[in-house]
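Structure record follows, encoded as structure tokens.
Just so it is clear, the structure is predicted and the values come from calculations on it, not from any experiment.
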Amino acid sequence: MSEDTGEDLAVKPYAIVRRTGDRVFQCDATAVRTMPGGTHAYALHGVGDTPAVRAWTRTAARRLARAAAGHGDAEAGLRTEYGRYAADPARHTPGHDLPAVVAVVAVHVPGGLFTVAWSGHARACLLLDGLGPLRQLTEDHNARRTQGGFGDRNLITACLGGIRDDEETEECWGHPATEDVDGPVRPGWPLLASDGVHEPHGDIDHDLADHLNGDPHDAAELLVDDAVRRARAQRDPYADNATALIAHII
């Protein structure tokens, strides 16, 4: 088995590109875990702006990718890690300062299922070869969703490192702590994107499918750099950490 993390990682058939934007530290993190037989797990996390948080998110991303690949299923991997953090007594202490992170993970089992699970507002999308348009597979866990499109998109309503279970999160926000989707593996382009990527493009209704072709690294680099540029061109210019992971399933 193998594991990959890093900045501007280009290893076909997937690529990862990250930009710090206008933050001091890059606290988005990614990890890819490959198992014997070709199962791939892709994880993307994002939160915060400190060296301590940066180190924590990198470890958390590796753990999530490892768990999802080991289970061969995104939901099982995310629930394993969510439960592990939620069981930590320190996280039940009022006023604790332990990090929590938005997370999305996808698992590709050759000849089997493509599964996605998430907690937070990082997104997974999929463009099937010859069967457009781009499909957004996730629904954001934020106040914009819970308030009919009018709430604060930066107010997160679920995350990895939270302690509410599905029932408690449903009672509070109207959605579970983690969600998941699955379907048969088909040729196409999975995309995992932090909010620093998908929000600037979404603000101008730009179709991310325009970037999902050719070399995965070139596609990811153009997508992320465009997001940073668009964020800095807005009325209140500010570019968040921006990260994209693009894979090509053949």
Any donor-acceptor pair under 3.5 Å from [X] side chain to [Y] backbone:
X: His40; Y: Gly38; value: yes
X: Thr115; Y: Ala74; value: yes
X: Glu171; Y: Glu168; value: no

Look up atom [atom1] in [X] and atom [atom2] in [Y], then write down how far apart they are to the nearest 0.5 Å.
X: His96; Y: Ile163; atom1: NE2; atom2: CD1; answer: 6.5 Å
X: Leu191; Y: His198; atom1: CG; atom2: NE2; answer: 9.5 Å
X: Leu44; Y: Asp28; atom1: CG; atom2: CG; answer: 6.0 Å
X: Thr178; Y: His175; atom1: OG1; atom2: NE2; answer: 11.0 Å
X: Cys159; Y: Trp118; atom1: SG; atom2: CH2; answer: 15.5 Å
X: Leu126; Y: Gln136; atom1: CG; atom2: CD; answer: 12.0 Å

So, Arg144 and Glu139, do they make that salt bridge, N to O below 4.0 Å? no
Would you call Asp166 and Arg79 a salt bridge, taking side-chain N to carboxylate O under 4.0 Å as the test?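 Looking at Asp166 and Arg79, the cut-off is met.
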Which atom names give the shortest non-hydrogen contact between [X] and [Y], and what distance separates them?
X: Ala177; Y: Ala158; value: O-CB, 3.6 Å
X: Ala65; Y: Arg33; value: O-CB, 3.6 Å
X: Ile249; Y: Pro190; value: CD1-CG, 3.7 Å
X: Ala68; Y: Val105; value: CB-CG2, 3.7 Å
X: Ala15; Y: Pro216; value: CB-C, 3.6 Å
X: Arg153; Y: Asn142; value: O-ND2, 3.1 Å

Over 12 non-hydrogen atoms of neighbours within 6.0 angstrom of CZ in Arg91: yes
Got a sec: does the CZ of Arg54 have more than 12 other heavy atoms crowding it under 6.0 Å? yes
Taking the side chain as everything from C-beta on, heavy atoms only, tell me whether [X] gets closer than 4.5 Å to [Y].
X: Gln234; Y: Asp203; answer: yes
X: Asn154; Y: Asp195; answer: yes
X: Thr39; Y: Pro110; answer: yes
X: Thr157; Y: Thr169; answer: no
X: Leu160; Y: His45; answer: yes
X: Glu179; Y: Thr138; answer: no
X: Arg19; Y: Asp225; answer: yes

Out of curiosity, does [Y] fall in the hydrophobic cluster containing [X] (side-chain heavy atoms, cut-off under 4.5 Å, transitive links)?
X: Leu78; Y: Tyr85; value: yes
X: Val185; Y: Tyr42; value: yes
X: Leu222; Y: Leu212; value: no
X: Val224; Y: Leu134; value: yes
X: Leu223; Y: Trp189; value: yes

By side chain to side chain donor-acceptor pair (under 3.5 Å), which residues pair with Glu170, not counting sequence neighbours?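 Side chain to side chain donor-acceptor pair (under 3.5 Å) check on Glu170 returns nothing, list empty.
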When Val107, Val109, Val181, Leu137 are each screened for side chain to side chain contact (heavy atoms under 4.5 Å, CB included) with Phe114, the one that passes is Leu137
Residues that Asp210 engages under salt bridge (charged side-chain N to carboxylate O under 4.0 Å, His left out), provided they are two or more places apart: none
When you look at Val17 and His217, which way does the side-chain contact (heavy atoms from CB on, under 4.5 Å) test go after all the steps? CA-CA 7 Å; Val17 171; His217 184 264; 3.8 Å; yes
Is there a side-chain contact (heavy atoms from CB on, under 4.5 Å) between Asp129 and His248? Walk through the geometry before answering. CA-CA 10 Å; Asp129 285 352; His248 190 196; 3.7 Å; yes
Side chains of His121 and Glu199: do they bring a donor and an acceptor to under 3.5 Å? no
Can Arg232 and Val228 be said to form a side-chain contact (heavy atoms from CB on, under 4.5 Å), step by step? CA-CA 6 Å; Arg232 288 173 173 162; Val228 172; 3.5 Å; yes
